[in-house]
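Data first, discussion second: the structure below is written as structure tokens.
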Amino acid sequence: MPARHARALILGSGPAGYTAAIYAARAMLKPLLIQGIQPGGQLTITTDVENYPGFAKVIQGPWLMEEMKAQAEHVGTEVVSDTITEVRLKDRPIWLKGDSGTEYTCDALIICTGAQAKWLNLPSEEKFKGFGVSACATCDGFFYRNKKVLVIGGGNTAVEEALFLTNFANEVVVVHRRNEFKAERILQDRLFKHPKIKVQWDTVLEDVLGTDDPRGVTGARLKNVKTGAVEDVAADGIFVAIGHKPATELFEGQLPFKPGGYLITEPRSTATAIEGVYAAGDVTDDVYRQAVTAAGMGCMAALEAERWLHVRGEVRHAAE
Ligand code: NAP
């Protein structure tokens with residue numbers, strides 16, 4: 001069984017992971033970064049990024065992540081294409097096992113596994129996933145040229161997905177359970193002005209309607225939460241954009257979680273309940289959840305890990 005050891009090991013390849021890697025590499029920790037199931041993280045499934053500082057022109061999410069990766073490698077990070085499936089955080093050294101069969105050990109671990117799209121958990125949603133139901137407009141929008149689509153949700157993701165879908169679809173209806181959006185004002189203004197977009201307030205998706213052969217979406221059963229009225233509407237595609245959940249299943253029973261499954265860190269720190277284990281980015285952040293805040297937390301985690309390794313090294317040295 002192949003085995004690798006690193007002083008600092010980073011799990012995840014979003015803005016938090018790559019920033020942690022840049023700082024850890026520059027601290028001469030020779031970090032290993034395990035990319036995980038979605039190399040580059042959530043920014044690889046977005047298009048325009050307008051709020052990452054340093055770029056006056058609109059940049060593309062996948063491009064930004066390629067640049068972060070290149071920078072991390074340039075300063076000495078080894079990026080490994082593997083997904084961790086098992087961890088023993090209390091072992092010393094910390095022990096992890098990858099999908100590839102490789103076992104990893106490390107002295108300090110920085111968890112940056114991010115978050116993934118949430119689903120409504122309707123049986124009909126499950127049935128039509130990949131057949132007209134999607135959680136990624138940038139991945140699947142192209143299939144809806146001149147068609148009608150629904151977007152479920154009222155946050156930044158829903159509004160951005162709706163705007164993006166206007167590049168293809170001829171009608172986009174945003175279905176939101178309340179009568180106001182959570183999304184940033186600038187995005188809301190763009191959405192309200194867009195001639196292809198309509199909003200259906202106070203409404204939830206009750207069921208996805210479709211055919212079995214060929215499998216495909218034909219519409220949706222919507223319910224007005226104020227009046228209770230139910231209606232069936234025609235649609236070719238349904239995009240679910242109701243938020244994200246942190247990727248923390250791997251740490252269940254080993255680290256404490258906040259409500260919603262986010263990892264708990266100490267106040268004003270990225271330290272978790274286990275010494276030498278740090279968490280940064282969307283996996284722990286239930287408040288800000290921005291690329292730039294994730295990057296900032298990645299930096300904090302690497303600085304804290306470096307300090308901890310240094311102090312631990314000195315204590316060991318003194319004891320020997
Ligand atoms: P979010 O801000 O948590 O919004 C989720 C939306 O889905 C809310 O409007 C919520 O309704 C609705 N919702 C949740 N569960 C639902 C359910 N079961 N049925 C129907 N509707 C449901 O999630 P997000 O839009 O994915 O954004 C996540 C984070 O990423 C945010 O911090 C956001 O600012 C950030 N983000 C930023 C950008 C950007 O800066 N350009 C882009 C994308 C995401 P309620 O409003 O009633 O709660």
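Each residue takes its place number in the sequence, starting with 1. Atoms within a ligand are numbered from 1 in the order they appear, just like the ligands themselves. These numbers come from the heavy atoms of this one structure, side chains and all, not from hydrogens, waters or symmetry mates.
By the 4.5 Å heavy-atom criterion applied to side chains, Ile264 and Phe257 are not counted as neighbours.
Ring geometry, Trp201 versus Phe192: the interplanar angle falls from 30° to 60°, so the pair is classed tilted.
If you look at Tyr288 next to ligand 1, the close heavy atoms, those under 4.0 Å, all belong to the backbone. Neither the backbone nor the side chain of Val49 comes within contact range of ligand 1; no heavy atom lies under 4.0 Å. At a heavy-atom distance under 4.0 Å, only side-chain atoms of Arg178, from C-beta outward, approach ligand 1. Under 4.0 Å from ligand 1, the heavy atoms of Asn51 that appear belong solely to its side chain. For Glu184, every heavy-atom contact with ligand 1 shorter than 4.0 Å involves the side chain, none the backbone. Residue contacts with ligand 1 for Gln290 involve side-chain atoms from C-beta outward but no N, CA, C or O (heavy atoms, distance under 4.0 Å).
Ranked by closest heavy atom to atom 25 (O) of ligand 1, the top entry among Leu120, Asn121, Val292, Thr157 is Thr157. Selection from Gln42, His244, Glu160, Arg177 by nearest heavy atom to atom 28 (C) of ligand 1 gives His244.
By the 3.5 Å distance cut-off applied to N or O atoms, Gly155 is counted among the residues near ligand 1. When only interatomic distances are considered, the shortest N/O to N/O separation between Gly154 and ligand 1 falls below 3.5 Å.
With sequence neighbours left out, the side chain to side chain donor-acceptor pair (under 3.5 Å) criterion links Ser100 to Asp82, Thr102. With sequence neighbours left out, the side chain to side chain donor-acceptor pair (under 3.5 Å) criterion links Arg177 to no other residue.
Close contacts between ligand 1 and Arg289 involve ligand atoms 3 (O), 29 (C), 30 (O), 32 (O), 35 (C) [criterion: under 4.0 Å to a heavy atom].
A cation-pi geometry, defined here as NZ or CZ lying under 6.0 Å from the six-membered ring centre and within 45° of its normal, does not hold between Arg145 and Phe168.
Side-chain heavy atoms closer than 4.5 Å link hydrophobic residues (I, L, V, M, F, W, Y) into clusters, and following such links, possibly through other members, connects Val173 to Ile242.
Using modelled atom types, one finds no donor on one side chain facing an acceptor on the other under 3.5 Å when comparing Glu66 with Gln71. For the residue pair Asp99 / Thr83, no side-chain donor-acceptor distance below 3.5 Å is found, with atom types taken as modelled. For Asn224 and Thr203, the side-chain atoms include no donor-acceptor pair closer than 3.5 Å.
Contact check on Arg289 versus Asp282 returns no salt bridge, with no Lys/Arg side-chain nitrogen under 4.0 Å from an Asp/Glu carboxylate oxygen.
Regarding atom 14 (C) of ligand 1, its nearest protein heavy-atom neighbour is Ile242 O, 3.3 Å. Protein heavy atom nearest atom 2 (O) of ligand 1, with residue, atom name and distance: Lys182 CD, 3.8 Å. Considering only non-hydrogen protein atoms, atom 34 (O) of ligand 1 sits nearest to Asn156 ND2, 2.9 Å. Considering only non-hydrogen protein atoms, atom 23 (O) of ligand 1 sits nearest to Gly243 CA, 3.3 Å.
Residue contacts with ligand 1: Lys118 is excluded, as none of its non-hydrogen atoms falls under 4.0 Å.
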